[in-house]
Amino acid sequence: MNKVFKSFILAIAAFAALPCVKAQDKLVEAVALQQQMEHVDTMDLHVMLLNEAYIIPSDEMYPVWQNSGVHYNAVLPDSFRIDLRGYVMPTTNTKITDIFGYRPRRRRMHKGLDVKVQKGDTIYAAFDGKIRITAYQRRGYGHYVVIRHNNGIETLYAHLSKKLVTENQNVKAGDPIGLGGNSGRSTGSHLHFETLLMGKSIDPALLFDFKNQNVTGDYYVYRKPGTRYIEKGEVKIAGPEPKFHKVRKGDTIAKIAKKHGVPQSAIFKLNGLNSRSIIRPGQSLRVQ
């Protein structure tokens, strides 16, 4: 743009030294040149922005595309900023019936949020992305869909009554991807919703506020457990991942607590137990 500006100034300077008609011609030429160069610069900028738009986190993070394997082991970055802008809530329903975390009663992890929906309610894609999995698990998710999003995360929608998309299909945030239902291992019509980063489930409540039909902010920063980071001038350490112990013959709460270096009261609290509770071989207890 500096060259254009200089050309324009030179043309103006020549205006006073030329006869009226020639001066007007030169001025018209200078204005035309400026408009032409501005158009070229604008087109270059447009192309540059388009190219940047197609450099998306999911392309860099996931070198392999496959239509199977919801959860898998991968080396996660120490931290990763998830862009939550451009979201659409997966459902307009707001009632949470089960949260993310360990279920003491069922002795297993619940890797998502359960949102109360009615059979036939429309379920929507949370962000722009591509359908990675559409499948059915009779004793698990039932009819479910997994979407890999441009912002680097994946979302899973389970217990659907019907899937409305196919694998490898591109979708936009807000596109209908299924209908609410009660398929698979489910005791009532609801949406089981998961958010995953490179195969690892993270609490959807850290990203989505279903009660208020909003996201928790423009961005959410995932931090690998144990990673040091600075926040508001203070050095902090990301919290640990849940840790479990499989009970063996002869184990007691006291022995398990000593082995993992935690107080017995913590094991009681994490697993909904008390001093009179009986543990059995094969049982999985959360110890952290």
Side-chain angles (χ1 to χ4, degrees), residues 66-72 82 84 86-151 153-197 199-216 220 272:
Q66 57 188 34
N67 301 119
S68 62
V70 174
H71 305 99
Y72 51 87
I82 302 169
L84 302 179
Y87 77 96
V88 170
M89 297 301 292
T91 172
T92 56
N93 293 288
T94 60
K95 184 178 180 180
I96 302 296
T97 57
D98 205 350
I99 62 174
F100 178 91
Y102 183 70
R103 286 173 164 174
R105 184 168 60 87
R106 299 186 181 181
R107 299 169 186 166
R108 62 185 177 87
M109 275 292 293
H110 185 236
K111 297 181 178 180
L113 285 179
D114 287 349
V115 187
K116 182 62 181 177
V117 300
Q118 299 300 322
K119 184 176 180 179
D121 284 354
T122 303
I123 308 301
Y124 305 98
F127 302 102
D128 294 354
K130 188 174 183 179
I131 306 297
R132 186 167 72 85
I133 303 174
T134 61
Y136 176 76
Q137 287 182 351
R138 186 170 65 88
R139 295 185 178 181
Y141 289 130
H143 292 288
Y144 72 100
V145 171
V146 176
I147 307 175
R148 180 171 295 174
H149 299 291
N150 298 349
N151 61 4
I153 67 168
E154 294 185 328
T155 52
L156 179 147
Y157 314 74
H159 305 306
L160 305 173
S161 60
K162 184 177 183 180
K163 302 183 288 287
L164 302 178
V165 288
T166 58
E167 290 178 349
N168 307 316
Q169 175 183 338
N170 290 312
V171 292
K172 290 289 187 180
D175 283 351
I177 54 97
L179 302 178
N182 188 31
S183 61
R185 188 177 182 178
S186 171
T187 57
S189 183
H190 72 281
L191 170 68
H192 174 82
F193 178 66
E194 293 186 25
T195 50
L196 305 102
L197 179 64
K200 175 182 174 57
S201 296
I202 56 179
D203 188 351
L206 297 173
L207 286 67
F208 292 89
D209 179 357
F210 279 87
K211 182 179 179 180
N212 294 303
Q213 289 289 286
N214 203 348
V215 285
T216 56
Y220 170 74

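Note that the structure is a prediction, hence the values are computed from the model and not measured. All heavy atoms count here, side chains included; hydrogens, waters and symmetry mates do not.
- In this pair, F193 and F208 present their aromatic rings perpendicular. The plane angle is above 60°, beyond the 30 to 60° band.
- Under the 4.5 Å side-chain criterion, counting only non-hydrogen atoms from C-beta, L179 is in contact with L164.
- Summarising the geometry of P90 relative to L191, their closest heavy-atom pair is CB-CD2, 4.2 Å, with the distance given to 0.1 Å.
- The two residues T94 and F210 have their closest heavy-atom pair at CG2-O, 3.3 Å.
- With hydrogens and angles disregarded, a donor-acceptor distance shorter than 3.5 Å links the side chain of E167 to the backbone of T134.
- Within 6.0 Å of NZ on K111 lie no more than 12 heavy atoms contributed by other residues, nucleotides or ligands.
- Between A173 and A126 the shortest heavy-atom distance is CB-O, 3.8 Å.
- Across all their heavy atoms, N150 and G129 have their closest contact at OD1-CA, 3.9 Å.
- Here the straight-line distance linking atom CG of L197 with atom CD1 of I153 works out to 8.0 Å at 0.5 Å rounding.
- For the atom pair CG (L160) and CG (D121), the distance works out to 11.5 Å, reported to the nearest 0.5 Å.
- Nearest approach of T216 to A205, heavy atoms of both residues: CG2-O, 3.7 Å.
- Between the side chains of Y72 and Q66, not a single donor N or O lies within less than 3.5 Å of an accepting N or O.
- A donor-acceptor distance shorter than 3.5 angstrom exists from the side chain of S183 to the backbone of H143, with no hydrogens or angles considered.
- Of the possible polar contacts, none joining the T195 side chain to the T155 backbone as a donor-acceptor pair under 3.5 Å is found.
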*Would you check, one step at a time, whether the test side-chain hydrogen bond (donor to acceptor under 3.5 Å, both in side chains) holds for E194 with Y144?*
CA-CA 11 Å; E194 293 186 25; Y144 72 100; over 6 Å; no
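- Pairs of residues two or more places apart, or lying in two chains, that qualify as side chain to side chain donor-acceptor pair (under 3.5 Å) and include a residue from residues 204-215 are Y87-N214, D209-N212.
- Inter-residue side-chain proximity for S161 and N182 is flagged as unmet; no heavy-atom pair is nearer than 4.5 Å.
- Panel note: side chain R132, backbone G69; a donor-acceptor pair is recorded below 3.5 Å.
- Of the inter-residue distances, the one linking L84 atom CG with H149 atom NE2 reads 11.0 Å to the nearest 0.5 angstrom.
- Distance check, rounded to the nearest 0.5 Å: CD of Q169 to CG of D175 gives 8.0 Å.
- Taking the six-membered ring for Trp and thresholds of 30 and 60 degrees, H159 and H192 have ring planes more than 60 degrees apart, a perpendicular arrangement.
- No donor-acceptor pair closer than 3.5 Å links the side chain of H190 to the backbone N or O of D114.
- In terms of heavy atoms, G180 sits closest to V117 at CA-CG2, 4.0 Å.
- When side chains are defined from C-beta on, Y157 counts as touching I147, because their heavy atoms get closer than 4.5 Å.
- Panel note: side chain T97, backbone K116; no donor-acceptor pair is recorded below 3.5 Å.
- Taking CZ of F127 as the reference point, atom CD1 of I82 lies at 8.0 Å (rounded to 0.5 Å).
- Side-chain atoms of N93 do not come within 3.5 Å of backbone N or O of K95 as any donor-acceptor pair.
- With sequence neighbours left out, the side chain to side chain donor-acceptor pair (under 3.5 Å) criterion links K130 to no other residue.
- Annotation: the span from H71 atom NE2 to L156 atom CG amounts to 6.5 Å, rounded to 0.5 Å.
- Contact annotation: the side chain of L196 never approaches that of I202 to less than 4.5 Å [non-hydrogen atoms, C-beta and beyond].
- A heavy-atom distance below 4.5 Å is not found between the side chains of V171 and D128.
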